[in-house]
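This report refers to the structure that appears directly beneath it.
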Number of protein chains: 2
Amino acid sequence: MQDKEISLAVIQRLPRYYRYLGELLENDVVRISSKELSERMKVTASQIRQDLNNFGGFGQQGYGYNVEYLYTEIGKILGLDKCYNVIIIGAGNLGQALANYTDFERRGFIIKGIFDVNPRLEGISIRGTEIHMIDELEEFVKNNTIHIAALTIPKLKAPAIAKELAKLGIKAIWNFAPIDLNLPKDVMVENVHLAESLMRLSYNLKALEESNTEE
Amino acid sequence: MQDKEISLAVIQRLPRYYRYLGELLENDVVRISSKELSERMKVTASQIRQDLNNFGGFGQQGYGYNVEYLYTEIGKILGLDKCYNVIIIGAGNLGQALANYTDFERRGFIIKGIFDVNPRLEGISIRGTEIHMIDELEEFVKNNTIHIAALTIPKLKAPAIAKELAKLGIKAIWNFAPIDLNLPKDVMVENVHLAESLMRLSYNLKALEESNTEE
DNA sequence: TAGATTGTTAATCGATTAACAATC
DNA sequence: TAGATTGTTAATCGATTAACAATC
């Protein structure tokens with residue numbers, strides 16, 4: 001679709017635009033200018049226009065952007081016009097939390113199966129999705145079209161499972177294990193490192209406290 | 001401690017350094033050069049040295065860095081040498097998952113209370129931490145020193161609760177609700193937007209598929 | 001037409017990388 | 001001492017912001 005490589009920074013911001021446009025849409029806002037959106041989002045209007053123009057001209061001079069149209073277009077850019085089949089590896093608390101999160105389904109991410117090593121969980125269903133034993137993983141993936149695997153397993157198990165998933169042809173891994181997965185570069189990995197996020201918060205809290213005592 | 005403002009990009013990377021150093025420490029590696037660490041982490045050695053030198057000279061020419069020392073120092077920078085008391089607002093799946101995650105405790109984040117609106121959950125304990133009703137929040141925070149509040153509640157409820165927490169003097173919010181909290185700038189907010197993370201993954205997956213069909 | 005606001009080019013700013021003198 | 005590797009300065013690169021002509 002677009003020519004030049006889109007920078008990581010732009011891609012990082014796209015879902016946030018999508019979220020704001022979704023909220024505007026909910027509030028029946030029909031049009032919005034980059035200036036007004038920039039004020040709401042606390043970014044510059046320039047950045048919004050630059051970002052969007054990576055993908056095409058979605059606005060109109062003198063008018064701004066049609067909220068619904070822009071929302072739909074960004075949705076397409078993010079691939080949200082398609083459905084993706086998801087499996088969750090690891091039916092611990094986090095895996096179950098993901099399985100219970102109905103919002104993902106609304107956006108087209110369909111949970112097809114949940115896998116764990118714990119025999120106690122075998123056969124239990126979460127919102128209609130069955131928990132399978134991990135040794136059924138290979139057959140399951142071969143018999144179903146799976147686009148995305150969410151990894152909510154201990155860090156020591158994650159690299160081996162990820163490697164197996166890659167071998168089975170899964171091209172997208174949503175990794176919650178606190179480790180970097182080294183996979184072929186045609187396998188996309190999106191990390192959610194909660195511990196690192198919490199550390200950033202504690203860094204900022206500490207920096208705040210120090211700046212208070214200094215003055 | 002340090003003079004000039006540390007850039008956001010550096011702070012983002014610090015926990016990852018900490019994680020790698022922790023792993024090296026577990027593997028009894030005593031010293032490491034920026035070059036070797038850069039190869040493991042897939043960043044440039046220059047960046048590692050620049051990043052670290054924001055906080056001080058932790059290395060030694062001709063030798064490199066002492067792993068244990070550097071690990072400890074980065075821990076201090078991140079505020080991990082102190083303990084923080086945490087409350088979790090929202091005892092849904094995600095809140096319970098956080099409450100069950102023992103790793104946070106190990107790093108000094110102590111969960112002191114969990115709050116919810118659901119009367120069915122009243123009095124139930126998760127790993128020894130009691131679930132309270134949300135109307136007890138104010139008194140609880142006044143009677144306990146709470147440093148961090150994790151918000152795992154629906155997006156519509158998040159802004160009001162966050163505002164209340166700020167008013168009660170809590171200076172750090174770990175926000176899992178898919179909304180931006182507008183709080184006084186002396187309140188630190190760290191967002192974990194899972195839906196946005198998943199969208200980035202689907203963007204990358206889509207981009208990958210398109211690049212495959214093009215060639 | 002006049003006003004508004006985009007799309008886009010140019011200028012600025014900041015972050016990353018390269019280079020190397022200092023020094024262990 | 002010679003070799004290695006840091007800490008730090010300088011060069012490069014990329015991302016952000018500003019400006020404005022195009023145009024609705």
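Each chain gets a letter, A, B and so on, in the order the sequences are listed, and its residues count up from 1.
For the side-chain hydrogen bond (donor to acceptor under 3.5 Å, both in side chains) test, no residue two or more places apart in sequence or in another chain qualifies with B/K82. Evaluation of the ring-ring contact (aromatic ring centres under 6.0 Å, His included) rule for A/Y17 yields no partner, not counting sequence neighbours. Listed by chain and residue number, A/F115, A/H132 satisfy the ring-ring contact (aromatic ring centres under 6.0 Å, His included) test with A/F140 (two or more places apart in sequence, or in another chain). Applying the ring-ring contact (aromatic ring centres under 6.0 Å, His included) criterion to B/H147, with sequence neighbours excluded, gives B/Y84.
Each ring-ring contact (aromatic ring centres under 6.0 Å, His included) pair with one or both residues in residues 24-50 of chain A, not counting sequence neighbours, would appear here, but there are none. Among pairs with a residue in residues 94-107 of chain A, those fulfilling side-chain hydrogen bond (donor to acceptor under 3.5 Å, both in side chains) read A/N100-B/N93, A/D103-A/R106, at least two apart in sequence or across chains. Residue pairs satisfying the ring-ring contact (aromatic ring centres under 6.0 Å, His included) criterion with at least one member in residues 156-195 of chain B, sequence neighbours excluded, are listed as follows: B/F104-B/W174, B/W174-B/F176.
Aromatic ring orientation, A/Y71 versus A/Y18: parallel (interplanar angle below 30°, classes split at 30° and 60°).
A cation-pi geometry, defined here as NZ or CZ lying under 6.0 Å from the six-membered ring centre and within 45° of its normal, does not hold between B/R31 and B/Y65. In this structure, B/R40 forms no cation-pi arrangement with B/Y20, as its terminal cationic atom is not both closer than 6.0 Å to the ring centre and no more than 45° off the ring axis.
Salt bridge status for B/R16 with A/D180: present, with a side-chain N to carboxylate O gap under 4.0 Å. Using a 4.0 Å cut-off between a side-chain N of Lys or Arg and a carboxylate O of Asp or Glu, A/D81 and A/K76 do not qualify as a salt bridge.
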With a 3.5 Å cut-off and sequence neighbours excluded, list the donor-acceptor pairs that the side chains of residues 156-172 of chain B form with protein atoms.
residue: B/K171; atom: NZ; partner: B/D186; partner atom: OD2; Å: 2.8

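The nearest whole Å value for the distance from the CD1 atom in A/I48 to the P atom in C/dT8 is 17 Å. Rounded to a whole Å, the CG atom of B/L70 is 14 Å from the C1' atom of D/dG7. One can place CG of A/L8 at 16 Å from P of C/dA15, the figure rounded to the nearest angstrom.
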Completion exercise
With both pairing distances under 3.5 angstrom for Watson-Crick or G-U wobble, and | for a partner in another strand, the correct string for DNA chain D is ..||||||||||||||||||||||
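Non-hydrogen atoms lying under 4.0 Å from DNA chain C are contributed by B/Q60, B/Q61, B/G62, all within residues 58-69 of chain B. Within residues 30-38 of chain A, the residues having any heavy atom closer than 4.0 Å to DNA chain C are, in order of number, A/R31, A/S33, A/S34.
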What are the atom names and distances for every N/O pair under 3.5 Å that joins the protein to nucleotides 16-20 of chain C?
residue: C/dT16; atom: OP1; partner: B/R13; partner atom: NH1; Å: 3.0
residue: C/dT16; atom: OP2; partner: B/R13; partner atom: NH2; Å: 3.0
residue: C/dT16; atom: O5'; partner: B/Q47; partner atom: NE2; Å: 3.3
residue: C/dT17; atom: OP2; partner: B/T44; partner atom: OG1; Å: 2.9
residue: C/dT17; atom: O4; partner: B/Q50; partner atom: NE2; Å: 2.5
residue: C/dA18; atom: N7; partner: B/S46; partner atom: OG; Å: 2.5
residue: C/dA19; atom: N6; partner: B/R49; partner atom: NH2; Å: 3.1

